[in-house]
Amino acid sequence: MDLGTLLHDLFFDYTLRTVALGAMVLGLVSGALGSFAVLRRQSLLGDAMSHAALPGVVIAYMLTGEKNTVVLLLGAAGAGIAGILLMVGINRYTRIKEDSALGIILSVFFGFGLLLLTWLQRRPDASQSGLTTFLFGQAATLLERDVIVMASFGGAAILLLLLFWKEFKLLSFDRDFGQSLGFPMQLLEIVLTMLLVVAIVIGLQAVGVVLMSAMVVAPAAAARQWTDRLGLMVALSSVFGALAGIIGTLISSTGSGLATGPVIVLCASFVVVISLFFAPNRGLLWNWLQRRRQRRRLQTGQILVNLYRLAAQHDDPTHAHNASVLGVMGARPKAVDASLAALAEQGLVRHAGGEQWALTEQGVAAAHRLLYPNEPASPSVNAQHASSERGEQKRGRESV
Amino acid sequence: MSATQIEIQAIAVVVAAACALPGVFLVLRRTAMMSDAISHTVLLGIVLAYFIVQDLASPLLIVGAAATGLLTVWLVELLSGTRLVKEDAAIGLVFPALFSLAVILISRYARGVHLDVDMVLLGELAFAPFDRLVIFSFDLPRALVVMGIILLINLAFILLFYKELKLATFDAGLAATLGFAPTLLHYALMGLVSVTAVGAFDAVGSILVVALMVTPAAAAYLLTDDLRRMLLLSVLIGAVSAIAGYWLARALDGNIAGAMATMTGVSFLLVLLFAPERGLVAVTRRRARQRWEFALAMLAVHLLQHEGEKASDENRVDHLVEHIRWQPDFAEQVIRYAERKGAVRRQAGRLHLTDTGRVLAQQKVIAG
């Protein structure tokens, strides 16, 4: 399947278009709201809440008898919120730590949901198999109206995010300051968490419970590597999420046995790995290159200075010396050759035949600058004038 | 009870016990969510091992799973070690990626094999007795044998390295200086978690492994300060939840593992509310009692400080409202409480300290 057909289908094939749109909305919303979760060290909250949503979905179905997307989403959201309240309660009133509380809510709610589900399935009622798609997601079964529902809820969440942008920024970075300014931080925290619940719940249909946590964390973690500014991070995170969604959908449509959810998650993870390595300033590759550059600079500077010092013994700054002497003076032998070559390229040393190397005029000046960074003048190359120059310099210095 | 029913309950209890033991250390070391991560990623290990041996019953699967569990831990630490990603985000990145890989590998190359992702995540304990193994002329369910061995391994590890585990958990720095290799212990513990998770897959599925590992241990954490007692209690609570879960599932005709997880939640809730000292009920009662005790002390000290003066004014009940700024209703309640406690005597509309009350007030003044 070539790229042309793929792109054509993206626009004109109903299923592919719908799924891709749904995945895009999911990626966008979870990327945006996930940024706050990641920054506030609540990355695993997404995992816990998406598991905790199961009983909500089942109960919503039981109460209404409908497999309407909106109804089920509301049920999922309700269960998510209940889970969060319980978690906060456990954290605040007992000595159980956060991670254990997360684990408890995640597994108990999910187990309860499973119990309800299997109880339901064994009743002679209508089919409830649609509910199990919430477990692993069945993006391929997304309908246009499902995507519209996702987009509406997601859009509302993003709108609220933008509306309370400053407040949420304050909440994430300096909660106490916000409190002292009189903002209702507790309420804001609840609102932000609810927005996160919305983001997770709309994604459950597409990627399912297990993988939803990745969609909350990965785009945000990737975006974090590229910038220090919140606004840019959230925007990038949304873009990464949306891209992962679309590209994941496209890739999964090319082959059989490539379930959409897992492929989207792998795309998002790929973006994270790339960001970790290649982002400027924070990226691993960047740092490695930076460190290498600095190491080289140290080495060449060392060689330059050593040549200068050797030459000083002969009263001629451009006196040539054997490269092996430099090796003895502290530099690693391999580094000596590389450094000399680099210095020659910069015109700071010249090859004087055999193993002999000497400083050039610029080289002398550069070495002098390295050794005496505060001195304004540099000595001339001409050794015969060297002493008188030094005398002049001394006088010059004294007058200053 | 039929033999099958007994077997199922036996398997459930063994699984619960095997999970509760490492679970105690997970809760204490704040790595509970790592169990969630590992229980998902071991699927990848199982898949890869299956590709090698093409046999679902091979012990290599458990080895592969244990190895993937350790790989997960290593990757998470590698990622958070770059300082570019926090530890919780690292967990949330690693396990979905590995799990997705596993799901894709299964659906693409292992279709038709009973390596259903559903089965792995959900498990169905009711079918366990049908898969049997003959060991030393005993005809037992395979799940019972496997989990029994795992339980013994976990128990042996904890018994052998009890001191080291205890120290490494509560004072990692000291453990390191004493040469107890806390990192090695950490990886060994995670290896056990992986092996337990894999063994329990068949029976309860991966998510419920988390329930059995974390919840009973957390409940035990609320009941005691002693590590040995915590281990014992979590095994007990796990076992009771397992059996209760079985009967619940029978009553509702639902998934046994789900019922077991639900019952661990119920037992946790009960402990949360009713634990002596740390339970919410106990805490609320203690706070209420302290409130009354404090009010009584205030009243007694107030009376003591005005004793000997023109008692007629200061000891009038309505004067209290002015001086201590109590609401009349509350003041009345405090006085009645004080009377019940024998600290104060009401006489013709005035309050007088009894001897008991005077001693109490004097103690408070000295202590203050």
Side-chain angles (χ1 to χ4, degrees), chain A residues 38 41-44 46-48 51 90 93-104 106-119 122 132 135-136 210-211 213-218 220-221 224-225 255-259 261-266 268-269 272 276 282-284, chain B residues 26-27 30-36 40 79 82 84-86 88-93 95-97 99-104 107-109 111 117-118 121-122 207-215 217-218 221-222 248-249 252-255 257-262 264-265 268 272 278 280 283:
Chain A
V38 166
R41 318 256 184 128
Q42 290 181 328
S43 306
L44 292 171
D47 187 25
H51 284 86
I90 292 178
Y93 295 114
T94 70
R95 64 174 179 178
I96 307 262
K97 306 296 188 304
E98 226 175 60
D99 64 308
S100 303
L102 275 172
I104 294 173
L106 184 157
S107 52
V108 170
F109 270 55
F110 187 79
F112 181 54
L114 188 59
L115 182 64
L116 285 179
L117 187 64
T118 51
W119 174 48
R122 286 173 206 187
T132 49
L135 266 171
F136 300 106
V210 181
L211 304 169
S213 62
M215 293 315 291
V216 166
V217 179
R224 176 68 187 93
Q225 309 310 320
S256 73
L258 287 175
V263 175
I264 294 179
V265 168
L266 282 179
S269 308
V272 173
L276 283 174
R282 273 170 76 106
L284 294 169
Chain B
L26 285 177
V27 166
R30 313 202 192 179
T31 49
M33 284 311 268
M34 197 67 95
S35 69
D36 182 42
H40 286 84
L79 204 53
T82 64
L84 296 175
V85 168
K86 299 287 187 330
D88 59 331
I91 297 179
L93 284 171
F95 90 83
F99 186 76
S100 305
L101 199 59
V103 172
I104 292 179
S107 56
R108 232 171 128 76
Y109 302 112
R111 271 266 167 83
V117 184
D118 287 23
L121 276 191
L122 306 181
I207 311 274
L208 302 161
V209 167
V210 180
L212 288 175
M213 279 190 177
V214 178
T215 320
Y221 192 35
L222 289 178
L248 179 63
L252 292 180
D253 195 21
N255 183 285
M260 280 166 62
T262 310
T264 59
F268 176 75
L272 184 70
R278 287 204 192 84
L280 290 182
V283 166

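Every value quoted in this text rests on a predicted model; they were computed, and no experiment measured them. Each chain gets a letter, A, B and so on, in the order the sequences are listed, and its residues count up from 1.
In this structure, CG on A:Leu106 lies 5.0 Å from CG on B:Asp36, to the nearest 0.5 angstrom. Residue B:Thr262 holds its OG1 atom at 11.0 Å from CZ of A:Phe110, rounded to the nearest 0.5 Å. The structure places CG of B:Leu222 at 4.0 Å from CD1 of A:Ile96, a figure rounded to the nearest 0.5 Å. Rounding to the nearest 0.5 Å gives a distance of 7.0 Å between CZ of B:Phe95 and CG of A:Leu44. A:Trp119 CH2 to B:Asn255 CG: the interatomic distance, rounded to the nearest 0.5 Å, is 14.5 Å.
Residues B:Leu93 and A:Ser269 fail the side-chain proximity criterion, which asks for heavy atoms closer than 4.5 Å. You'll find the side chain of A:Val38 stays beyond 4.5 Å of the side chain of B:Lys86, heavy atoms only.
For the pair B:Val103 and A:Pro262, the tightest heavy-atom approach, listed with the atom from each and the gap, is CG1-CG, 3.7 Å. Scanning all heavy atoms of the two residues, the minimum distance from A:Ile104 to B:Ala218 falls at CD1-CB, 3.6 Å. In terms of heavy-atom proximity, A:Ser107 sits nearest to B:Thr215 at OG-OG1, 4.1 Å.
For A:Ile264, no part lies under 4.5 angstrom from a heavy atom of chain B. Contacts between B:Leu252 and chain A at a heavy-atom distance below 4.5 Å involve backbone atoms as well as side-chain atoms. For B:Tyr221, the parts lying under 4.5 angstrom from a heavy atom of chain A are both the backbone and the side chain. Proximity to chain B (any heavy atom under 4.5 Å) is shown, for A:Glu98, by neither the backbone nor the side chain. The contact between A:Val263 and chain B is made by backbone and side chain atoms together, counting heavy-atom distances below 4.5 Å. With a 4.5 Å cut-off on non-hydrogen atoms, A:Ala218 touches chain B through its backbone and its side chain both. Neither the backbone nor the side chain of B:Leu212 has a heavy atom closer than 4.5 Å to any heavy atom of chain A. Neither the backbone nor the side chain of B:Ser35 comes within less than 4.5 Å of any heavy atom in chain A.
Remark: the backbone N or O of B:Leu84 is paired with a side-chain donor or acceptor of A:Arg282 at under 3.5 angstrom. The backbone N or O of A:Ser43 sits less than 3.5 Å from a side-chain atom of B:Asp88, completing a donor-acceptor pair. Side chain of A:Asp99 to backbone of B:Ala32: a donor-acceptor contact under 3.5 angstrom is found.
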Apply side chain to side chain contact (heavy atoms under 4.5 Å, CB included) to B:Arg278 and A:Tyr93, showing your working. CA-CA 9 Å; B:Arg278 287 204 192 84; A:Tyr93 295 114; over 6 Å; no

Under the side chain to side chain contact (heavy atoms under 4.5 Å, CB included) rule, what do B:Val283 and A:Thr94 come out as? Steps first, then yes or no, please. CA-CA 10 Å; B:Val283 166; A:Thr94 70; over 6 Å; no

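Among A:Met215, A:Arg224, A:His51, A:Lys97, the residue with the largest count of heavy-atom pairs under 4.5 Å with chain B is A:Lys97. If you tally non-hydrogen atom pairs under 4.5 Å between each of A:Leu276, A:Leu116, A:Val108 and chain B, the highest count goes to A:Val108. Residue with the most contacts toward chain B among A:Leu266, A:Leu115, A:Leu284, A:Val265: A:Leu115 (heavy-atom pairs, distance under 4.5 Å). Most heavy-atom pairs under 4.5 Å with chain A, from the set B:Val214, B:Asp253, B:Thr82, B:Val210: that is B:Asp253.
Annotation for A:Arg41: atom CZ does not count as buried by contact number, only 12 or fewer foreign heavy atoms lying within 6.0 Å.
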